[in-house]
Amino acid sequence: MAHGHKSDEKIVYVGDSRVKKSGRRDSTPPDYTSFPGKSEAFIPNFLLKEWMVGCVVLVGFLVWVMAEAAPLGYPADPTNASFIPMPDWYFLFLYQFLKYPYVSQDYILLGTLGIPGIMFGALMLAPFLDTGKERRFYRRPIASSLMFLSIAAVVYLTVVSWDHYQHQLEEKGIVPEHHERADKVREALERGEERPSFLKTAEAPAIIEPEDPIFASVVEAQCIACHAADLNGAGGPSLLGIGNRMTTEEIADIIIHGKNNGSMPAFEGTLSTDEINQLAEWLSKQTQS
C-alpha cells in the first residue's frame with residue numbers, strides 16, 4: 001500500500017487476508033549463526049576442548065593400567081613351531097588385510113604405510129573436505145557411504161581373521177595360552193591350593209660336574225650350539241636329566257650314529273672313541289629332576 005502520489009515514496013507491502021497461511025511449520029534447523037554467542041570456531045576452540053577431554057580419558061586409562069597391571073604371558077619360546085602369533089583384537093582387521101596380495105610381500109609398504117596413511121589422512125581431513133551444513137546422515141550420501149563401507153570392511157576382516165585363527169587352532173590341536181591358564185587356576189582352586197602365579201619361572205637345574213675335562217673339550221665345542229650353554233635346550237632338546245631316560249650305551253649310540261634324520265648329527269669320525277665314551281658317561285651323570 002502506497003502513501004501519497006510521489007513515485008519515489010517507499011512502498012510497504014502487507015499480508016493479503018485472502019491467502020491462507022500454510023499449517024506446516026518450517027522444520028529446517030537454523031544455522032549456528034542464528035545463535036549469536038553460542039557458536040564457536042572448530043579450530044582452535046572446539047578442537048581444543050575435544051583434546052582436553054581426550055587427555056583426561058587417557059590419564060584415566062594410564063592410572064588404571066598402573067593400578068591393575070596386565071598379566072604377562074609365558075616366556076617367549078623361539079623353538080615352538082606350533083605357536084600362532086596373533087595381534088590384539090582391534091588390529092585383527094589390519095592383520096587379515098595384510099594377508100592379501102598387492103599389500104604384502106613386494107607391496108608390503110603399500111599395505112603397512114600407504115593405504116593406512118590414506119585412510120587416517122582422510123579421517124583427519126574430513127572436517128575440511130566435507131564442509132556441508134547438513135547434519136542428517138541420509139542427506140550426506142558420500143560421507144555416509146564411506147563411513148558405512150569402512151565399518152563393514154573392518155567388521156568383515158576381523159571376523160574372517162578370527163575364524164581363520166580358530167580353524168588353525170583346531171587343525172593343529174593347539175590350546176591357547178589363556179585357556180591353559182584358566183584351567184590351571186580352576187584346578188588349583190578346586191584342590192584348595194593357592195592361585196598359581198604365572199610370572200615366576202622355575203630356575204633351571206645346574207649342570208652336574210661341569211669341571212669335568214670332557215665338558216670343556218667337547219661339550220662346549222660341539223654341543224652348546226644346539227643344546228644351549230646351560231644344556232637346557234635351544235635348537236635341540238634339553239640334556240639335563242638325560243641320565244634318567246637313557247643308559248650310557250644308548251647315549252653313546254646316538255652320539256655315534258646321530259638321530260632324527262640328521263637333526264642330531266653323527267659324530268663318528270669327528271670325535272675319537274675315547275671322547276665318545278667319556279662324553280656318554282658324563283651325560284649319563286646328568287640326572288637332574
Side-chain angles (χ1 to χ4, degrees), residues 71-86 105 164-188 190-191 193-194 196-289:
L72 298 178
Y74 293 139
D77 183 6
T79 64
N80 184 7
S82 64
F83 176 73
I84 303 175
M86 286 290 288
Q105 297 180 356
H164 183 255
Y165 173 63
Q166 295 296 321
H167 176 72
Q168 286 183 310
L169 292 178
E170 183 178 354
E171 182 181 3
K172 297 182 178 180
I174 301 173
V175 179
E177 176 186 322
H178 61 283
H179 290 181
E180 291 182 352
R181 282 187 173 193
D183 292 340
K184 291 180 179 179
V185 170
R186 178 178 50 79
E187 292 171 359
E190 289 176 353
R191 293 191 300 265
E193 300 176 356
E194 184 181 355
S197 174
F198 301 98
L199 301 181
K200 299 177 182 179
T201 56
E203 295 182 1
I207 298 174
I208 298 175
E209 296 187 12
E211 70 280 356
D212 192 304
I214 196 66
F215 180 78
S217 61
V218 177
V219 176
E220 290 187 342
Q222 303 291 344
C223 303
I224 63 174
C226 294
H227 300 283
D230 58 358
L231 301 186
N232 201 29
S238 172
L239 296 180
L240 301 177
I242 192 174
N244 299 324
R245 305 187 298 270
M246 296 182 180
T247 64
T248 305
E249 292 74 17
E250 290 174 335
I251 297 174
D253 183 70
I254 293 176
I255 296 173
I256 294 171
H257 300 102
K259 192 177 180 181
N260 296 334
N261 297 323
S263 59
M264 165 63 188
F267 285 93
E268 185 178 17
T270 304
L271 300 177
S272 65
T273 304
D274 290 341
E275 288 177 328
I276 291 175
N277 292 334
Q278 293 175 24
L279 177 59
E281 184 178 354
W282 181 81
L283 287 173
S284 66
K285 297 178 183 178
Q286 307 304 313
T287 56
Q288 300 87 344
S289 57

(message) Ile276 and side chain to side chain contact (heavy atoms under 4.5 Å, CB included): which single residue from Ile251, Ile255, Thr270 fits?
(response) Ile255
For [X] and [Y], which heavy atoms make the closest approach, and how far apart are they?
X	Y	answer
His227	Pro237	ND1-O, 2.7 Å
Leu240	Arg245	O-NH1, 3.6 Å
Ile208	Trp282	O-NE1, 3.5 Å
Phe215	Pro210	CD2-O, 3.4 Å
Glu281	Ser284	O-OG, 2.5 Å
Gln286	Leu239	CB-O, 3.8 Å

Should we count [atom1] of [X] as having more than 12 external heavy atoms under 6.0 Å?
X	atom1	answer
Glu170	CD	no
Gln105	CD	no
Lys259	NZ	no

Between atom [atom1] of [X] and atom [atom2] of [Y], what is the distance when rounded to the nearest 0.5 Å?
X	Y	atom1	atom2	result
Thr248	Leu279	OG1	CG	11.0 Å
Lys184	Glu193	NZ	CD	13.0 Å
Ile214	Glu209	CD1	CD	12.5 Å
Leu169	Ile84	CG	CD1	4.5 Å
Leu231	Ile224	CG	CD1	8.5 Å
Lys172	His167	NZ	NE2	10.5 Å

(message) Is it the case that the side chain of Asn277 and the backbone of Thr273 share a donor-acceptor pair, with hydrogens and angles ignored and the cut-off at 3.5 Å?
(response) yes
(message) Can a donor-acceptor pair be found, under 3.5 Å and without considering hydrogens, that links the side chain of Asn232 to the backbone of Ser238?
(response) no
(request) Decide yes or no for Pro176 and Tyr165: does some side-chain heavy atom of the first lie under 4.5 Å from some side-chain heavy atom of the second? (result) yes
